[in-house]
Amino acid sequence: MDRLLLKFGIAAPILYFATIIVCSLLNPGYSQVSQYVSELGAAGAQRPDIFATGIMAAGACAIIGGLAFILGLRRKARGLILPLLTGLSIIAWGVSMVLGGLHPMPDERHGAYGLGMAIQAAPLLMFLAISGRADMTGLKTFLLMVFLASGALLAAMMGVGHVVHVAQVGLWQRAYALASIPWIAVAALCLDQALAAKDKKDRAAKA
């Protein structure tokens, strides 16, 4: 069951970025450099319904995928707390996407009251969850790099270094999104492969 549900974790980032690409093409004159992603779903945008549907679908997949991370990591990590926190962080991001679609910008509920920021901790939590697994060294290195890169970009977005300006805020937002979202699909795929190997080994041991 966990391996099946992990497919939703793989789909979540794909749906998110596909939605942005499609909606950007539907809005001539929209600037990827100076405008926020959420403006694609705001009043006055072309086909905001497509944007809302797309990010809600991505959010729903992330919620299911987050559950899969909890179940899958329980089989590959020691203890319950870190797998649970990892999955809940991904689920929180998924919920924020659903709320963002239901309540378009500038509704104050669009930002889900910062709930989506939980995704920032997820790669580190997963790294800690599998820290004792010698067979997942590549994934551990990847997760640590994601955490550091997304953390640096988030700090810049919050004003550290005064490098982000209105004229290119959209570019920075997309850079942060690329650092903090696609890893979910990569980690879900790696976890799925690790579980497949474990299942194969368990079947061989019983034969």
Side-chain angles (χ1 to χ4, degrees), residues 1-17 55-101 111-155 176-206:
M1 177 61 74
D2 45 12
R3 291 191 58 206
L4 175 62
L5 297 182
L6 280 169
K7 303 301 188 294
F8 288 91
I10 296 172
I14 296 173
L15 284 171
Y16 177 80
F17 287 103
I55 64 170
M56 285 193 292
C61 285
I63 292 171
I64 298 171
L67 175 61
F69 272 89
I70 296 173
L71 298 174
L73 286 172
R74 281 289 289 119
R75 296 173 58 193
K76 294 296 291 183
R78 294 178 181 176
L80 172 62
I81 300 301
L82 288 171
L84 181 62
L85 291 177
T86 300
L88 288 176
S89 298
I90 296 171
I91 290 171
W93 180 79
V95 171
S96 75
M97 290 296 103
V98 174
L99 289 176
Y113 308 103
L115 189 62
M117 286 294 98
I119 197 64
Q120 182 60 40
L124 179 61
L125 291 168
M126 186 173 180
F127 168 82
L128 294 173
I130 62 173
S131 59
R133 304 295 311 193
D135 59 330
M136 303 182 82
T137 301
L139 178 58
K140 287 186 287 187
T141 302
F142 172 72
L143 290 170
L144 193 57
M145 291 175 62
V146 167
F147 176 72
L148 294 173
S150 61
L153 287 165
L154 178 61
Y176 175 67
L178 285 170
S180 62
I181 299 175
W183 76 270
I184 299 173
V186 176
L189 179 61
C190 290
L191 183 56
D192 177 60
Q193 292 174 343
L195 292 174
K198 184 178 187 303
D199 290 342
K200 183 178 180 180
K201 183 177 180 180
D202 291 344
R203 287 193 297 268
K206 293 178 180 178

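Values in this document were obtained by computation on a predicted structure and should not be read as measured data.
With rounding to the nearest 0.5 Å, the separation of OG in S89 from CG in L115 is 9.5 Å. Taking OH of Y176 as the reference point, atom CD1 of I119 lies at 8.0 Å (rounded to 0.5 Å). We find the CE-CD1 distance between M97 and I181 to be 6.5 Å, quoted to the nearest 0.5 Å. To the nearest 0.5 Å, atom CG of residue L195 and atom CG of residue D192 are 6.5 Å apart. In this structure, the separation between CE on M56 and CD1 on I63 is 11.5 Å, given to the nearest 0.5 Å.
Of all the heavy atoms in I91 and I70, the pair that sits closest is CD1-CD1, 4.4 Å. A122 approaches I90 most closely through the heavy-atom pair CB-CG1, 4.2 Å. The nearest pair of heavy atoms linking I55 to G101 is CD1-N, 3.5 Å. The two residues A188 and F69 come nearest to each other via the heavy atoms N-CZ, 3.6 Å. For L99 against A112, the heavy-atom pair with the smallest separation is CD1-CB, 3.8 Å. Heavy atoms only, all atoms of each residue included: A60 and V98 are closest at N-CG2, 4.0 Å.
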Side-chain donor/acceptor pairs under 3.5 Å, residues 139-153, sequence neighbours excluded:
unit_1: K140; atom_1: NZ; unit_2: S131; atom_2: O; d: 3.1
unit_1: K140; atom_1: NZ; unit_2: R133; atom_2: O; d: 2.9
unit_1: T141; atom_1: OG1; unit_2: T137; atom_2: O; d: 3.1
unit_1: S150; atom_1: OG; unit_2: Q120; atom_2: NE2; d: 3.0
unit_1: S150; atom_1: OG; unit_2: V146; atom_2: O; d: 2.8
unit_1: S150; atom_1: OG; unit_2: F147; atom_2: O; d: 3.3

Donor-acceptor contacts under 3.5 Å from residues 5-13 side chains, at least two apart:
unit_1: K7; atom_1: NZ; unit_2: R3; atom_2: O; d: 3.2

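Under the salt bridge (charged side-chain N to carboxylate O under 4.0 Å, His left out) criterion, no residue pair touches residues 115-125, with sequence neighbours excluded.
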